[in-house]
Q: 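Before I ask anything, here is the structure I am working with.
Below, chain A is the first sequence line, B the second, and so on; all start at residue 1.
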Amino acid sequence: MIFRSHPYDSITTKEAIKVQLELRRKTVFPPLGKETRIVTGVDVSIKGGVAKAALVSLTCPQLLIVDTATACRRVSFPYVPGLLAFREIPAILDAVERMKVTTDLLMVDGQGLAHPRRFGLACHLGVILGLPTIGCAKSRLIGEYREPGEEKGSRTPLTDKGETIGTVFRSRTSVKPLFISSGHMIDLESAVNQVLGCLTRYRLPEPTREAHKASKLKMD
DNA sequence: GCGACAG
DNA sequence: ATCTTGTCGC
């Protein structure tokens with residue numbers, strides 16, 4: 001397998017932070033306009049120095065899978081809290097090139113605005129692709145919050161320095177909550193509603209849940 | 001200096 | 001994220 005080079009392959013953490021401060025100026029958070037017909041879940045798994053990105057697209061509101069695109073690439077950036085995008089974006093972009101459908105929204109396994117510099121993986125992907133994106137993380141990176149009620153649908157605000165940066169959302173009764181935040185081209189309320197519309201019987205919304213499965217590196 | 005820390 | 005089997009709880 002041959003792996004093309006990518007600008008982020010040789011970047012330093014200092015330069016990475018500079019890139020985030022530069023790109024974040026392009027983020028916008030309007031109410032989601034056009035209705036969502038296709039939602040795409042994004043996730044990456046890494047094993048033995050190789051990253052496998054998966055983009056699974058499903059119809060709304062039926063949630064039927066209409067496309068699955070994956071791509072593998074050697075990872076060249078370490079895991080640094082706050083700089084996850086530089087580790088996962090190269091592989092994700094390779095997978096994007098293999099998509100056969102046009103999507104209306106990306107649901108990303110990671111943070112959006114709920115990030116120390118307000119520019120998590122979801123924001124970064126949204127700006128680069130010019131698409132609406134939602135950050136749907138399984139745990140907290142930054143911010144304070146009160147534990148939401150145990151019932152599915154319960155939510156509390158995730159705040160930092162006095163501002164609301166996301167929503168802590170119980171996607172299913174008695175499971176750990178999700179940390180939802182805007183990535184790009186969508187407001188927080190719309191983001192939460194989009195995630196809600198993609199829930200079935202599991203903790204994770206279908207797009208992200210399917211992308212997680214499709215990104216798994218298996219040994220056959 | 002100490003603790004926290006998406007995946 | 002990954003390393004890993006059976007098992008407790010809703």
Q: With sugar-phosphate meaning primed atoms plus P, OP1 and OP2, does Lys216(A) contact a base, only sugar-phosphate, or nothing at under 4.0 Å between heavy atoms?
A: sugar-phosphate

Q: What residues, two or more places apart in sequence or in another chain, satisfy side-chain contact (heavy atoms from CB on, under 4.5 Å) together with Thr68(A)?
A: Val56(A), Ile65(A), Thr70(A), Ala214(A)

Q: Taking ring pair (Phe, Tyr, Trp, His ring centres under 6.0 Å) as the definition, give me every residue that meets it alongside His124(A), ordered by chain and number, with sequence neighbours left out.
A: Tyr8(A), Phe86(A), Phe119(A)

Q: Using the salt bridge (Lys or Arg N to Asp or Glu O under 4.0 Å) definition, which of the options Lys18(A), Arg25(A), Arg24(A) pairs with Glu22(A)?
A: Arg25(A)

Q: Taking only residues two or more places apart in sequence, or in another chain, which ones meet Lys216(A) in a side-chain contact (heavy atoms from CB on, under 4.5 Å)?
A: His212(A)

Q: Among all residues two or more places apart in sequence or in another chain, which pass the salt bridge (charged side-chain N to carboxylate O under 4.0 Å, His left out) test with Arg118(A)?
A: Asp160(A), Glu163(A)

Q: May I have the step-by-step check of side-chain contact (heavy atoms from CB on, under 4.5 Å) for Lys100(A) and Val66(A), ending in yes or no?
A: CA-CA 9 Å; Lys100(A) 298 169 183 173; Val66(A) 292; over 6 Å; no

Q: Decide, yes or no, whether a salt bridge links Lys213(A) with Glu210(A) under the criterion of side-chain N to carboxylate O below 4.0 Å.
A: yes

Q: Once salt bridge (charged side-chain N to carboxylate O under 4.0 Å, His left out) is applied, do any residues pair with Glu147(A), and if so which ones, sequence neighbours excluded?
A: Arg170(A)

Q: Produce a footprint string for nucleotides 3-10 of chain C: one letter per nucleotide, 5' end first; B if the base is under 4.0 Å from any protein heavy atom, S if only the sugar-phosphate is, - if neither.
A: S-------

Q: Generate the contact string for nucleotides 2-7 of chain B. Rules: B means base contact, S means sugar-phosphate contact only, - means no protein heavy atom under 4.0 Å.
A: --SBBB

Q: With sequence neighbours left out, write down each residue that passes side-chain contact (heavy atoms from CB on, under 4.5 Å) with Arg4(A), or none if nothing qualifies.
A: Arg73(A), Asp94(A), Glu97(A)

Q: Taking the six-membered ring of Tyr202(A) (Phe, Tyr or Trp), confirm whether the NZ or CZ of Arg209(A) is under 6.0 Å from its centre and within 45° of its axis.
A: yes

Q: Give the minimum heavy-atom separation between Ala211(A) and Ala54(A), together with the two atoms involved.
A: O-CB, 3.5 Å

Q: Can you tell which of Thr40(A), Asp67(A), Thr36(A) makes a side-chain hydrogen bond (donor to acceptor under 3.5 Å, both in side chains) with Thr103(A)?
A: Thr40(A)

Q: In dot-bracket form, how is DNA chain C paired, counting a Watson-Crick or G-U wobble pair only if both its distances are under 3.5 Å and using | for bases paired to another strand?
A: ..........

Q: Tell me which residues in residues 182-214 of chain A lie within less than 4.0 Å of DNA chain B, going by non-hydrogen atoms.
A: none

Q: Side chains of residues 136-146 of chain A: which donor-acceptor pairs under 3.5 Å do they make with residues two or more places apart or in other chains?
A:
| unit_1 | atom_1 | unit_2 | atom_2 | d |
| --- | --- | --- | --- | --- |
| Lys138(A) | NZ | Asp109(A) | OD1 | 2.9 |
| Lys138(A) | NZ | Asp109(A) | OD2 | 3.0 |
| Arg140(A) | NH1 | Gly143(A) | O | 2.9 |

Q: Spell out, yes or no, whether Val127(A) and Ile11(A) are grouped together once hydrophobic residues are joined by side-chain heavy atoms under 4.5 Å, including indirect joins.
A: yes

Q: State, to 0.1 Å, how close Pro205(A) and Leu178(A) come at their nearest heavy-atom pair, and which atoms those are.
A: CD-CD2, 4.0 Å

Q: Can you list the stems that include DNA chain B, where a stem is three or more consecutive Watson-Crick or G-U pairs with distances under 3.5 Å?
A: none

